[in-house]
There are 2 protein chains.
Amino acid sequence: MILYNKGTENFANFLITEDSFNEMDLGKTESIMCQGNGYMCIRGYNEEDYPKKNATTLIAGTFNRAMENEVTELPNISDTFSMEILIDNKRFFLTENNVIDYDKTLNLKTGELTRSFKYKTADNTIKFLMKRFVSAANVHLGVSHIEITPLEKEASIKLISGIDNRTTNSGECHLIDNVRRFYEKQFAYTHVITNQSRIDIHINAAHQIFMDNVLIDILPAPKMSRRTIYAEYKLKVAKGSTLTIEKYVSYYTSKDNKMVAHPNPSMSYEELKEEIKIGYDNLLQQSINALDEKLWDNNYIKITSTDDFNQLGINYAMYHMFVMTPAHDNRMNIGAKGLSGQGYKGHTFWDTEVFLLPRFIVQNPKVARSLLEYRYLGLEGARRKAKENGYNGAMFPWEAADPEIGEVTPKYNGVNVYTGEQEKVITGDIEIHIVADVAFGVYLYKQFTEDEEFMNKYGYEIIFETAKFWDSRLEYSAKDKQYHINDVIGPDEYTEHINDNAYTNYLAKWNIEYALNCYTDLAKNNQEVLQKVDQKTKISNFIDDMKEKSPKIYIPEPDNELIIDQDTTYRTLEEIDLTKYKASSLVASISKDYGMAQISKMKVSKQADIMVLFLLFGEKWSAKVKKANFDYYEPFCLHDSSLSLSTYAILANDIGYQEYASELFRKALLIDIGPEMHSCDEGVHAASYGGIWQCIIYGFAGLRMIGGKLHINPKLPKEIYNIEFNMYYLGQKLHLNVSNDKLTIENLGEEKVSQIFVRGQEIVLDRNRTIEIV
Amino acid sequence: MILYNKGTENFANFLITEDSFNEMDLGKTESIMCQGNGYMCIRGYNEEDYPKKNATTLIAGTFNRAMENEVTELPNISDTFSMEILIDNKRFFLTENNVIDYDKTLNLKTGELTRSFKYKTADNTIKFLMKRFVSAANVHLGVSHIEITPLEKEASIKLISGIDNRTTNSGECHLIDNVRRFYEKQFAYTHVITNQSRIDIHINAAHQIFMDNVLIDILPAPKMSRRTIYAEYKLKVAKGSTLTIEKYVSYYTSKDNKMVAHPNPSMSYEELKEEIKIGYDNLLQQSINALDEKLWDNNYIKITSTDDFNQLGINYAMYHMFVMTPAHDNRMNIGAKGLSGQGYKGHTFWDTEVFLLPRFIVQNPKVARSLLEYRYLGLEGARRKAKENGYNGAMFPWEAADPEIGEVTPKYNGVNVYTGEQEKVITGDIEIHIVADVAFGVYLYKQFTEDEEFMNKYGYEIIFETAKFWDSRLEYSAKDKQYHINDVIGPDEYTEHINDNAYTNYLAKWNIEYALNCYTDLAKNNQEVLQKVDQKTKISNFIDDMKEKSPKIYIPEPDNELIIDQDTTYRTLEEIDLTKYKASSLVASISKDYGMAQISKMKVSKQADIMVLFLLFGEKWSAKVKKANFDYYEPFCLHDSSLSLSTYAILANDIGYQEYASELFRKALLIDIGPEMHSCDEGVHAASYGGIWQCIIYGFAGLRMIGGKLHINPKLPKEIYNIEFNMYYLGQKLHLNVSNDKLTIENLGEEKVSQIFVRGQEIVLDRNRTIEIV
């Protein structure tokens, strides 16, 4: 199986293709070719079954806790795109030996997934064309179109297709099977209910059958067994004739904003009937138009380079960031695997604020605001978690689902290879930098947008509550008369129970100081808001304490060799030969040899730690310090998190390691679409797409927010000539065209824009004006 | 796929073989080749995966109700016999094209399941031998032995094998995944808990790896993902060398009598360690010995006939009746599909008393007693159901699971093809003949055993409580001054909401009369017991009422043409052309054209109805009446229940339709092992095996209990020369050798036996004596 950029005139750099079939690799295309619209997402699984096929359909925000010993997760909703096709009474499925001219392609521009191939049976060759999409226009709708053409002789085709409620999350069942029935003998309908969160889900499926493009009037035989409802069609297809099956499916839930209490469950089937009248081609065009409007027209990033793969890579990342983001509902956020698979249970991590949010802040600030409002809705759970742990303020959960629920990190993970025992997961208890990461997200949004309405309503409250948490979390040491933060996990999760993690301490200090600044600003400029927020947060009561403590928070400084301690013990840990693991194309290969208890005692990093600090607050350290730390820490880093490569790539670019930056960027592009066939079986690496975006926009195009001002210092690698994109800054839409020797900014907004510094020089640009900086 | 009787010297008529592979037919061998011991049963599924593979493991009595809208059922327990095998990094699985010399054989005598075949890869041929058994000696134990021999060149083998807790019942998850871990780096252990009934289940799995029969010292790589724990082995096997994998698995539950509170969960792994030391061959021999002791030594029925298939058929039935029967625990009974599949959810129906119990009463009365004690334990639930429905006494549930729970019939079934709506299941409400069927089981047991201890402790209470139910259920009609039973379903379930079903009315009357007899007997002979039972049942208060009503219960009599009304409307129903459905090899083919509401209005029967009455109380009607009714009803009967053919076969034999009897008997033998490949996908037809037994022993050998005395009137069809078997009568073990012209009875018991009537002549036989009647 090779994935490549099959350029065609219309869709150059928009096609992801699998050009040979290997059933060992199903998970790959299921994940990377998933289709969705932020409301729901259906994996790019094949219609026909295979033992390892993972037919997962996720609907954002439908979290449910199915059982004891489990945490809430996105349930795998009933399967509708699967079909059983029998050809002359034999089940149709592919092996490496029975298929020729195989092509499975996702068109990132149109959102359409296409499979075409010739299928060899004992005595016939059958041509297949299978196309489908999940609509960007009507987010509830999916449509599938299948053409079957026997080439050598007549074939009898049996189709068993409908709705399968047997879907589980690795055997965990979430859905109460409430109603299964047909309307008008052909519209399959099912009503399922999540067993704990009590979300009603209404699912419909219906077929249209054509012979040589003529709709034929045929009723299916109804077929029901436990938790399934199928329509069965039996058809003879003459040699050279084409049987076309179109399947229309729809999903509605009681969590849908416009359908909180569905007046009539059958309404959803009536709606599907209307869609069917429109037909596949027209519905697809509607979806393409909507996708252009929502994504490509405004957010397309054009890269001119020696290798089209760079363009494909960012197109791919942009597609997925659209599919995974529930932009329609602020009760929902982005999961670590988006909506593309069951990994990480649909939970939201710091990945959103630190890796994905910048893409939305810069290119789609409305969506960014919705994602931050989600954190605001999570304040209640965060306050509860703080209280339960003996702290003040808001202790945001390491893993979040429904915002009001609070912490949802599972308690156990894999098995320790030495003891045989299950390993505890402690990130939910002590990986507390998430608290400041959320505050940082709010801060960054404010810098780019100056959205005071957001800050007044939501932002200040988050800033104050997170600062209160840190203020109570600090531990005073009489020895050095400083405040410390002990027993945490930093971004590098291979070191547990560490003290004074540089990243955590720095962000905690920044969080408190930023709260103090906000307080001072509000006191000066907006007493009304301050009083309102103070009523809720009692921040005034903490200001003196924060002022007293914040200067005394311990921040590790560069030593003689300019190295900053990642934490108090990292540099004393035992060094082992990491060659094998650094060279491994597999992620976390070290865990096959060691348990977490062992790894914790070795000088080895899972991912960028101090480098993230350099990325977020780059202006605070000299290039020399960054370089010294890059040189020291990178050799110990296995990049076992998908969050690591892009951070290191940007830093490498910053400090002048441009070739290495290109290499790391390339690796980041390949995290999911590269040759490692099982890296994304459980779903794509959502944050890595934000990382790819950051490499291009933060890294190569050189956008960075420094001291509340936008700085642009382009530093394109030699293979990239030009980067062109739209962005928003302080409410104005700008078009940027960036190369190393020339930068063009066009103000497409309604008002003048200023406070942009290109290579240190401030730019002021009236509306409808373009400026070219050579 | 052909199933045939592959006779060999040692195991003639004990082998069921599939001689070609077709993945469409997996369910067949999974069900008919299931292995078990009454404690647990593992379907005969293939180790390697296929989309339609149904890897079900059931443990008797572990009922659980997983979710709302569901009823309690036997959960599909974690899978241990499945394994993933990769050959040169490709998943091993069969297609029709890559396998030669295929043979899958269940040896009914030894209980061992064997698969042997040669598997063709692109560049190699691999010889496979796969053997396994579930022990009859240690009921918790299963062992699998797999030999892999590359014939053309070296092969690299990867084995991924362990315990899979992702098993569900059609997507319904029952098991809380509590602990998964390794002991000593190679013993996989898991602890799951049924989510509602809170049964702890401890499962262990461990491997031994041999190369050319030499045990090799190798530790597996541990592999855990959600709800799974696997050992992974990677091995190179030279051309001509044989890799042997042995897998030892065990299951224990907190419902086990000897393990109600397991002192230490790891104990089960220690036990498995001991078994591993004994090894596959010796453990198999222990199991064979136990199976002989528990089944074949005493219960083998030897048939001499023109066609060995008759012998195979009864061996097959006897094997399954052993596997499915939880003889070890009176809290458990036999499910409609035994333990062979998820069909009917493991529930117990009238199938036990009317179809299966005679086999145990006659050949294994201890087991029969345990099955009846189960009903005694069900009295509480039956009393509750009666009360809820406004009746007295015990209204036994149409479907039963844990005895104390009472009625567990599901509320909905399939979909009505006309309305599209789900169809209600009303058997649990109105198929009340089960109440008398249970009483009849007690009666029959008493006739054969005179087990007064059982009657005193359990039997009389059941008889009185069931009689009280009928007494309160009767409906008086002022019009004819008789008592009627309206709005029921009789044995023929295609007629719903009928009045005065002959079978139901007759058994109700009999039940009351038998209670009156018992009361009179006890009053005369055993006041102590009567007082004890009266305290519990207050039966004395009902005796007068019963005496008044019982003579006035309406019993339909033969009309002028000797036909007895099955119910008040059946003979007035619309006749339709049934040719198509009578000829169909599929069961319930009529339901593809009509919904239950329509079928209810047609003169068509699912199964024997009045014929069952003729079977239970044959002496009450003349051969002429039986013949007239046979001739009338059989043409309308589709035999859509597996309970039908054997009843009609015995009746046909009784009334002299011997060729038709043979034909029906043959069809009954073929219900599961015949050419219809999907008849038993959801599990075997448990009651049909009792039916086969009854055809041979009740039908051909001619044993019948008439008026409390054992009558033997052999009537062998011409193709069967001789039937030889052991039985118990009044506590004495007898050996019978039956042919049409000679009957030999040997008294193997401790005491004299009498009250046996051979062709009307009473036999009295001292211990150790043999009598020959010509």
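- In this structure, A:D123 places its CG atom where more than 12 heavy-atom neighbours from other residues, nucleotides or ligands lie under 6.0 Å away.
- Heavy-atom neighbours of chain A within the stretch residues 164-172 of chain B, taken at a separation under 4.5 angstrom, comprise B:R166, B:T168, B:N169, B:S170, B:G171, B:E172.
- Most heavy-atom pairs under 4.5 Å with chain B: of the set A:M24, A:K90, A:R180, this distinction falls to A:R180.
- Contact annotation for A:K223: neither backbone nor side-chain heavy atoms come within less than 4.5 Å of a heavy atom of chain B.
- Of the listed residues (B:A221, B:C173, B:S225), the one with the most heavy-atom contacts under 4.5 Å to chain A is B:C173.
- Enclosure of atom OH in B:Y344 is not indicated, since only 12 or fewer non-hydrogen atoms of other residues, nucleotides or ligands lie within 6.0 angstrom.
- Annotation for A:K273: atom NZ counts as buried by contact number, over 12 foreign heavy atoms lying within 6.0 Å.
- Neither the backbone nor the side chain of B:E184 comes within contact range of chain A; no heavy atoms are under 4.5 Å apart.
- Only the side chain of A:E96 comes within contact range of chain B, with heavy atoms under 4.5 Å apart.
- Neither the backbone nor the side chain of A:K411 comes within contact range of chain B; no heavy atoms are under 4.5 Å apart.
- Rounding to the nearest 0.5 Å places OH of B:Y412 at 12.0 Å from CG of A:D177.
- The two residues A:N69 and B:N178 come nearest to each other via the heavy atoms ND2-OD1, 2.6 Å.
- The candidate from A:I229, A:L175, A:T95, A:N97 with the greatest count of non-hydrogen atom pairs under 4.5 Å with chain B is A:L175.
- In this structure, B:K592 does not pair ionically with A:E232, as no charged nitrogen and carboxylate oxygen lie closer than 4.0 Å.
- One finds the CD1 atom of B:I176 at 3.5 Å from the CD atom of A:E68 (value rounded to the nearest 0.5 Å).
- Interface remark: of the candidates A:E84, A:R227, A:E70, A:R227 forms the most heavy-atom pairs closer than 4.5 Å to chain B.
- Note on B:R226 versus A:E682: no salt bridge recorded, every NZ/NE/NH1/NH2 to OD/OE distance being 4.0 Å or above.
- If you measure heavy-atom distances from B:F93 to chain A, the contacts under 4.5 Å come from the side chain alone.
- In this structure A:D49 satisfies the side chain to side chain contact (heavy atoms under 4.5 Å, CB included) test together with A:K53, A:S82, A:R91, B:P51, sequence neighbours excluded.
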